[in-house]
Amino acid sequence: MANEFKKGMLKRILILAMVIVFLFCADGVRVFYLQTVRSNELASKAQSQQLSDTEVSAMRGTIYDSEGNVLAQSATVWNVFVDPGNINDEKERSLVVDALSEKLKFDDEQKEELIEKTKKKTRYAVVAKKIENDIKEDIAAFSAENKLGDVIGFEQTTRRYYPHNSLASSVIGFTGNDNQGLTGIESYYEKDLRGTNGRIVTVKDANANKLPTDYETSIDAVDGNSLVLTINQTIQYYLEKGLRTTMEEYKAKGAYGVVMDCNTGAVLAMSSMPDFDCNDPYKITYSKTKKELKKIKKKKEKSEAQSAAIQNQWRNFTVSDTYVPGSVFKTFMASAALEENVVNLDTTYTCTGAIQVQDYRMKCHYHPGHGTQTLTQGLENSCNPFFITIGQKLGVHNYFKYFDAFGFTQKTGIDIPGEAISQYYKENQYGIVELSSASFGQTNSLTPIQVACGISAIANGGTLLKPYIVSEIKDANGNTVKKTQKKEVRRVISEETAQKVRTMMKAVVDEGTGKNGYVAGYRVGGKTGTSTKLGESKEGERTKYIVSFAAIAPVDEPRIAMVILMDEPNEDLGGGALCAPIAAQVIEQAMPVLNVEPKYDEDETKNLSIQTPNVIGLSVSNAQSTIESKGLRCKIVGEGKKVLSQSPGSGNSIPSKGVVVIYTENGKKEKVKVPDFTGLTVSEANSAAADANLNIEISGNNLSSSTVVAYRQSTDKGTKVDIGSVITVSFKNTNSVLD
């Protein structure tokens with residue numbers, strides 16, 4: 001009996017020991033599993049419960065124009081969050097919700113969402129993102145007053161601001177909600193601009209409350225580098241003004257322009273219309289597009305059209321799209337032919353209005369024919385048959401050699417995202433028909449920036465330069481990190497050939513199709529162009545065109561080269577009528593910015609404005625003789641003996657033979673309504689101004705011709721102004737060719 005008892009006890013002890021060993025082994029395996037397999041996961045969970053890790057956003061670098069004006073900058077803003085776990089009761093919840101809703105200007109729906117967030121089983125719920133500092137301070141004061149520091153919190157972040165809204169938007173681009181560059185320079189230079197975010201790590205107690213700062217670790221954010229662009233704010237403004245006004249007036253699909261420093265490759269201005277507000281990039285800006293969208297009734301169709309319109313206004317056509325350059329290309333043909341000595345300035349050709357090339361009869365835009373012309377006259381008249389014969393003399397090999405040399409077979413490498421590849425025939429693909437068509441600017445498609453670089457090469461004496469937008473990169477302390485250097489790609493033509501072509505281009509403005517590119521005091525060279533958008537017109541519709549104008553100024557000592565394009569205007573007007581006036585306006589404003597002094601010829605000197613003499617305090621007779629001695633007219637208002645005031649005021653610019661009004665009695669100055677000068681010739685506008693006792697400053701094409709008429713005035717018609725005031729009136733030649 002005793003033996004059986006002992007055996008039973010031993011058995012129980014053995015089983016118990018085995019159980020204990022098994023449990024120890026299981027615990028050991030469990031510990032091993034937790035310490036090895038799940039160690040990282042558990043450590044992460046422990047850290048999340050014990051540590052608060054807050055990211056501190058780096059300040060994105062500032063973007064400046066060439067003169068140091070801010071085009072894009074970042075500022076500190078705040079995210080507001082709540083900790084629902086620290087809300088004690090419904091009364092406190094109501095206090096928090098009501099106050100935040102009021103200060104953040106929430107509507108009823110947003111308030112309901114806030115209520116739901118305060119009920120979540122979480123320690124962190126974002127209420128509002130990127131609020132301004134004044135609102136944050138207001139909420140912080142409320143929080144302190146009501147001892148809600150453990151309920152309402154703030155996170156520092158940044159927001160991107162664009163002080164000039166849409167200025168240079170197609171170049172600058174914009175950033176997304178995460179502060180990452182999405183388009184333009186903001187995207188291309190993302191790594192330089194974004195900086196490195198910092199962190200603040202804080203220890204929490206068992207109740208998830210932050211412990212004192214003794215337990216806090218921080219890593220400072222490193223702000224991003226800043227960019228200095230080659231863009232000049234003034235030149236950019238006038239380029240955009242001209243493009244936008246003309247695009248709106250002629251309901252064009254788009255309007256594009258590039259202005260370059262022809263001696264360095266720096267882009268002084270670049271625009272693609274319609275553009276957008278960098279602060280509100282999803283808002284459609286073009287009135288024509290808005291009207292078209294309004295007509296669409298189907299929801300899905302409207303949404304797709306709206307999305308396409310937004311994408312279109314973000315697109316920088318000057319870099320990201322190609323077009324057929326048309327007759328602007330004749331400048332490159334003239335350069336190649338002169339360089340290869342297959343023609344000279346005395347070469348002549350008799351245009352009969354068309355030329356037969358195999359089975360094709362290729363027409364000149366002037367169907368009666370230009371008759372016998374020199375090479376310069378051929379460019380002035382933009383004669384297609386003349387340049388077809390030049391292309392045939394040059395031959396396929398030499399044609400393609402210069403096509404390649406001018407950079408038309410490669411991307412320019414400009415520092416803007418999305419540069420398109422040109423579409424062109426390779427050398428072995430040309431026959432006589434293809435060569436003939438290409439010789440007057442058809443067949444091949446180029447980007448506007450490629451054409452602008454080619455024109456710059458002619459302007460600077462024959463060297464192709466790499467274009468660039470960013471001139472300098474600076475760190476957060478203002479130290480230069482990188483400076484862009486002028487980069488010569490290759491010599492294309494000789495200085496002698498370049499000078500000859502510039503002289504021919506000046507003749508285009510003086511005597512040919514580009515008269516509206518004229519600017520007094522600055523010798524402008526130019527070339528008009530038209531390209532037919534084949535295959536894009538529906539049956540029964542009028543033909544669609546892109547019209548253009550390329551310019552160089554001044555032609556004797558060139559500083560700038562530019563290309564201006566108007567895409568699908570609603571009238572059959574060429575680049576001479578639509579684009580050349582824009583170029584003239586830009587040149588007129590750009591030359592003083594670049595410190596280029598005007599040089600007036602004898603005829604221009606006669607029409608120069610003069611400064612109004614100061615005659616206040618003089619006797620009427622002395623004042624009148626002083627004014628008339630300057631070649632000005634005098635109008636006397638009042639019966640007094642001395643001059644008390646005058647209009648225009650002393651030192652103001654006034655056209656020669658203008659009128660100065662002198663007042664001899666105190667009282668209100670006489671007012672007059674500004675006439676509508678639109679459509680008037682120069683002489684008619686002068687007469688209308690004289691009748692109203694006003695002065696007009698003539699801008700643009702000032703030739704006294706029935707085809708030169710006013711198209712813009714500085715003061716709107718019907719506006720009441722002082723008599724004697726100066727109104728600037730812009731004129732252009734309405735004679736236009738689709739060349």
Check the pair Ser287, Glu248 against side-chain hydrogen bond (donor to acceptor under 3.5 Å, both in side chains), reporting the backbone distance first and the verdict last. CA-CA 8 Å; Ser287 58; Glu248 291 275 2; 2.8 Å; yes
Set out, in order, the CA-CA distance, both residues' side-chain angles and the distance that settles salt bridge (charged side-chain N to carboxylate O under 4.0 Å, His left out) for Asp567 and Lys533, then state yes or no. CA-CA 10 Å; Asp567 192 354; Lys533 301 181 79 171; 2.8 Å; yes
Could you give me the CA-CA distance, side-chain angles and deciding distance for Tyr256 and Phe317, then say whether ring-ring contact (aromatic ring centres under 6.0 Å, His included) is met? CA-CA 7 Å; Tyr256 325 111; Phe317 185 97; 3.9 Å; yes
Go through the steps to decide whether Ser437 and Thr443 satisfy the test side-chain hydrogen bond (donor to acceptor under 3.5 Å, both in side chains), and finish with yes or no. CA-CA 6 Å; Ser437 175; Thr443 303; 2.8 Å; yes
Apply side-chain contact (heavy atoms from CB on, under 4.5 Å) to Ile455 and Phe332, showing your working. CA-CA 8 Å; Ile455 295 295; Phe332 308 122; 3.8 Å; yes
Test salt bridge (charged side-chain N to carboxylate O under 4.0 Å, His left out) applied to Asp261 and Arg559, step by step: CA-CA 6 Å; Asp261 181 330; Arg559 292 294 303 278; 5.1 Å; no
Could you walk me through whether Ser647 and Lys669 satisfy the side-chain hydrogen bond (donor to acceptor under 3.5 Å, both in side chains) test, starting with their C-alpha distance in whole Å, then the side-chain angles of each, then the deciding distance to 0.1 Å, before giving a yes or no? CA-CA 9 Å; Ser647 178; Lys669 291 185 177 181; 5.2 Å; no
Check step by step if side-chain hydrogen bond (donor to acceptor under 3.5 Å, both in side chains) holds for Ser683 and Thr681. CA-CA 6 Å; Ser683 60; Thr681 63; 3.3 Å; yes
Derivation and outcome, side-chain contact (heavy atoms from CB on, under 4.5 Å), residues Lys635 and Val660: CA-CA 6 Å; Lys635 178 178 173 60; Val660 179; over 6 Å; no
For side-chain contact (heavy atoms from CB on, under 4.5 Å), just list the numbers for Ile560 and Leu594, CA-CA rounded to whole Å, side-chain angles, deciding distance to a tenth of an Å, and then say yes or no. CA-CA 9 Å; Ile560 63 173; Leu594 299 174; 3.5 Å; yes
Decide yes or no on side-chain contact (heavy atoms from CB on, under 4.5 Å) for Val563 and Val328, but give the supporting numbers first. CA-CA 9 Å; Val563 177; Val328 166; 5.7 Å; no
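Residues Asp277 and Lys283 are not paired through a salt bridge, judged by the lack of any N-O separation under 4.0 Å between the basic side chain and the carboxylate. Using a 4.0 Å cut-off between charged nitrogen and carboxylate oxygen, Arg244 and Asp275 count as a salt-bridge pair.
The side chain to side chain donor-acceptor pair (under 3.5 Å) test applied to Glu292 returns no partner, not counting sequence neighbours. Every residue meeting the side chain to side chain donor-acceptor pair (under 3.5 Å) condition with Asn444, not counting sequence neighbours, appears here in chain and number order: Tyr399, Tyr430. Under the side-chain contact (heavy atoms from CB on, under 4.5 Å) criterion, Lys717 pairs with Asp676, Gln713, sequence neighbours left out. For Lys253, the salt bridge (charged side-chain N to carboxylate O under 4.0 Å, His left out) criterion is met by no residue, not counting sequence neighbours. Among residues two or more places apart in sequence or in another chain, the salt bridge (charged side-chain N to carboxylate O under 4.0 Å, His left out) test is passed with Lys732 by none. With sequence neighbours left out, Ile284 forms a side-chain contact (heavy atoms from CB on, under 4.5 Å) with Thr289, Lys290, Leu293, Gln306, Ala309, Ile310, Gln313. Legend: residues meeting side-chain contact (heavy atoms from CB on, under 4.5 Å) with Asn595, ordered by chain and number and at least two apart, are absent. With sequence neighbours left out, Lys599 forms a salt bridge (charged side-chain N to carboxylate O under 4.0 Å, His left out) with Glu557. Residues that satisfy the side chain to side chain donor-acceptor pair (under 3.5 Å) test with Glu380, not counting sequence neighbours, are absent from this structure. Listed by chain and residue number, Val357, Met362, Ile388, Gln392, Ile432 satisfy the side-chain contact (heavy atoms from CB on, under 4.5 Å) test with Ser436 (two or more places apart in sequence, or in another chain).
Side-chain contact between Val547 and Leu738 is present, with at least one heavy-atom pair separated by less than 4.5 Å. Counting only heavy atoms from C-beta outward, the side chains of Cys278 and Leu71 never approach each other to under 4.5 Å. Under the 4.5 Å side-chain criterion, counting only non-hydrogen atoms from C-beta, Val319 is in contact with Met270. Two residues are said to be in side-chain contact when any heavy atoms from C-beta on lie closer than 4.5 Å; Val593 and Tyr238 fail this criterion. Annotation: side chain of Ser445 is not in contact with side chain of Tyr323 (no heavy-atom distance under 4.5 Å). Within the 4.5 Å cutoff, the side chain of Val721 has heavy atoms near those of the Thr719 side chain. Side-chain contact between Val524 and Ile552: absent, with no pair of heavy atoms (C-beta onward) separated by less than 4.5 Å. Lys500 places none of its side-chain heavy atoms less than 4.5 Å from the side chain of Thr503.
Rounded to the nearest 0.5 angstrom, Ile564 CD1 and Met566 CE are separated by 8.0 Å. Between Leu379 atom CG and Ile390 atom CD1 the span is 8.5 Å, to the nearest 0.5 Å. The line from CD1 of Ile235 to CE of Met562 is 8.5 Å long, rounded to the nearest 0.5 Å. In this structure, the separation between CD on Glu604 and CG on Asp601 is 4.0 Å, given to the nearest 0.5 Å. Atom NZ of Lys657 and atom CG of Asn695 lie 13.5 Å apart (nearest 0.5 Å). Of the inter-residue distances, the one linking Ser653 atom OG with Gln611 atom CD reads 7.5 Å to the nearest 0.5 angstrom.
The aromatic rings of Phe329 and Phe408 sit tilted, their planes meeting at an angle between 30° and 60°.
A distance-only check finds no donor-acceptor pair linking the side chain of Arg523 to the backbone of Asp556 [under 3.5 Å]. In terms of modelled atom types and a separation under 3.5 Å, the side chain of Thr348 and the main chain of Thr374 share no donor-acceptor contact. Judged purely by atom type and a 3.5 angstrom limit, Gln646 uses its side chain to pair as donor or acceptor with the backbone of Pro648. Asn316 places no side-chain N or O within 3.5 Å of a backbone atom of Ser320 that could act as its donor or acceptor partner.
Between Thr513 and the options Asn733, Asn381, Thr528, a side chain to side chain donor-acceptor pair (under 3.5 Å) holds for only Thr528.
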Return all side-chain donor-acceptor pairs below 3.5 angstrom for residues 723-731, not counting sequence neighbours, or 'none' if the list is empty.
unit_1: Ser725; atom_1: OG; unit_2: Asp722; atom_2: O; d: 2.6

Show every donor-acceptor pair shorter than 3.5 Å between a side-chain atom in residues 572-589 and any protein atom, with sequence neighbours excluded, or say none if there are none.
unit_1: Asp572; atom_1: OD1; unit_2: Arg542; atom_2: NE; d: 3.4
unit_1: Asp572; atom_1: OD1; unit_2: Arg542; atom_2: NH2; d: 2.3
unit_1: Glu588; atom_1: OE1; unit_2: Ser699; atom_2: OG; d: 3.3

